[in-house]
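The analysis underlying the following values was restricted to heavy atoms, covering all of them including side chains, and did not include hydrogens, waters or symmetry mates.
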Amino acid sequence: MQTLKSIWDLFQNEFLGMRWLNSLIGNLLKACGLNTTGKIGGSVQFFIYDTIKIMVLLGVLILIISYIQSYFPPERTKKILGRFHGIVANCIAALLGTVTPFCSCSSIPLFIGFTSAGLPLGVTFSFLISSPMVDLGSLVLLMSIFGWKIAVIYMVLGLVIAVIGGTVIEKLHLENQVEEFIRSGNTLDISKEELYFKDRIKYAWEQVIETAKKVLPYVLIGVGIGAFIHNWIPEDFIVSILGTGNPFGVILATIAGIPIYADIFGTIPIAEALLSKGAQLGVVLSFMMGVTTLSLPSIIMLRKAVKPKLLSIFIMICIMGIILVGYFFNAIQYLLV
């Protein structure tokens, strides 16, 4: 058992966490005469290391996930979901959301397509919640920072929020809160074309390039913010706002994440920096969930498809779920300390 743990720790730290890369960059910067223990040198090291680490992991993950995703185009996903009913359909929709686009804005066109095709409203909302919150890429990146236990619990709770949220919306019978042009839309055409291996690889590589171009600006911004937090903001200040001394830290973090538009990859370096400064685990994860699930641009896009009442209920369900998850993780962290 100890051997397996050692192997896993090596995998997590050196492969996922790329600690070797951090040491290499630190040595190179020292060779260039930069003091990496100072604020400027430490910021430069953090920025270069996290940017390379995230983009390398991102490229590998997108290649793998996009290959899997090639088996689940919208029309096939619609056929799969159409075979199930009730809470089982919500569970399947939430699981399928883990192999679809990486941010809330790119999930909304699929949500609109599924709703227009006649899928139950609760099922489509389970998909909409899970898609940006718990994709497979986020699981691996979270493992690189928080460890596999926290990453798996995060993913399971995210799926639970998606299933419960979709089920609640289904029980409220809010179909009349969907805009008319969505309800009267045409059914999705079912493509008969079958892709070969080389076609799937080509599709996956195109997704790597396209997603990397979209994500890179947000990764750079996130890493820049993370480097600033990590090296310039005093630890006492972070702890006073987001540490154990503030019982409202989870709520503040959730609300603070909403106006920000980024996907999970852009929030990782910020979360890493906050955690290293003493922010509570639940606060950090709530911030990440708030950014990825309830970003302001995605809410604006969703408003084009649903009416204010349904939009408000969706937002409240997500906020309540994220806050509960945040306090749950805070409790876990408290018990482990």
Side-chain angles (χ1 to χ4, degrees), residues 87 89-91 93-95 97-98 103-105 107-108 111 120-135 138 142 150 152-175 177-178 241-242 244 246-264 267 271 274 279-303 305-334:
I87 194 168
N90 291 94
C91 292
L95 288 171
T98 64
C103 71
S104 51
C105 286
S107 303
I108 288 174
F111 160 79
L121 188 62
V123 172
T124 59
F125 267 98
S126 287
F127 172 87
L128 181 63
I129 295 170
S130 75
S131 182
M133 186 184 289
V134 290
D135 62 74
S138 68
L142 286 168
I150 297 299
V152 169
I153 295 173
Y154 173 92
M155 188 168 187
V156 169
L157 292 178
L159 290 172
V160 169
I161 293 175
V163 171
I164 293 176
T167 302
V168 169
I169 288 174
E170 187 72 28
K171 296 298 183 183
L172 292 175
H173 301 292
L174 298 168
E175 285 75 12
Q177 292 298 307
V178 178
I241 298 176
L242 303 178
T244 55
N246 186 356
F248 302 106
V250 167
I251 299 173
L252 291 174
T254 303
I255 295 173
I258 294 175
I260 302 172
Y261 174 57
D263 54 25
I264 191 75
T267 62
L274 288 173
Q280 287 183 289
L281 178 62
V283 171
V284 172
L285 294 177
S286 293
F287 172 76
M288 294 173 65
M289 282 185 165
V291 171
T292 55
T293 310
L294 291 172
S295 66
L296 192 58
S298 70
I299 292 174
I300 293 172
M301 287 179 64
L302 186 58
R303 173 61 187 90
V306 302
K307 296 178 181 178
K309 180 180 178 180
L310 177 54
L311 181 64
S312 299
I313 291 173
F314 165 73
I315 292 172
M316 288 307 301
I317 288 173
C318 289
I319 288 177
M320 290 173 62
I322 292 170
I323 290 173
L324 288 174
V325 168
Y327 282 115
F328 175 81
F329 272 108
N330 278 353
I332 290 178
Q333 186 179 26
Y334 178 78

Taking C-beta and beyond as the side chain, do Leu121 and Leu310 meet within less than 4.5 Å on heavy atoms? yes
Test log, rule side-chain contact (heavy atoms from CB on, under 4.5 Å), inputs Leu281 and Ile332: CA-CA 9 Å; Leu281 178 62; Ile332 290 178; 5.5 Å; no
Give the C-alpha distance, both sets of side-chain angles, the deciding distance and a yes or no for side-chain contact (heavy atoms from CB on, under 4.5 Å) between Thr124 and Leu128. CA-CA 6 Å; Thr124 59; Leu128 181 63; over 6 Å; no
Can you name the residues that form a ring pair (Phe, Tyr, Trp, His ring centres under 6.0 Å) with Phe329, not counting sequence neighbours? none
Working for side-chain contact (heavy atoms from CB on, under 4.5 Å), residues Ile251 and Tyr327: CA-CA 9 Å; Ile251 299 173; Tyr327 282 115; 3.8 Å; yes
Check whether any side-chain heavy atom of Val306 lies under 4.5 Å from a side-chain heavy atom of Phe314, and answer yes or no. no
Val325 side chain near Leu285 side chain, heavy-atom distance below 4.5 Å: no
Might you work through the side-chain contact (heavy atoms from CB on, under 4.5 Å) test for Asn246 and Val283, ending with a clear yes or no? CA-CA 10 Å; Asn246 186 356; Val283 171; over 6 Å; no
Is it the case that more than 12 heavy atoms not belonging to Ile153 sit under 6.0 Å from its CD1 atom? yes
Note, Ile322 side chain near Leu294 side chain (heavy atom, < 4.5 Å): yes
Which atom names give the shortest non-hydrogen contact between Ser130 and Ala162, and what distance separates them? CB-CB, 3.7 Å
Asn90 side-chain N/O to Ser126 backbone N/O, donor-acceptor pair under 3.5 Å: no
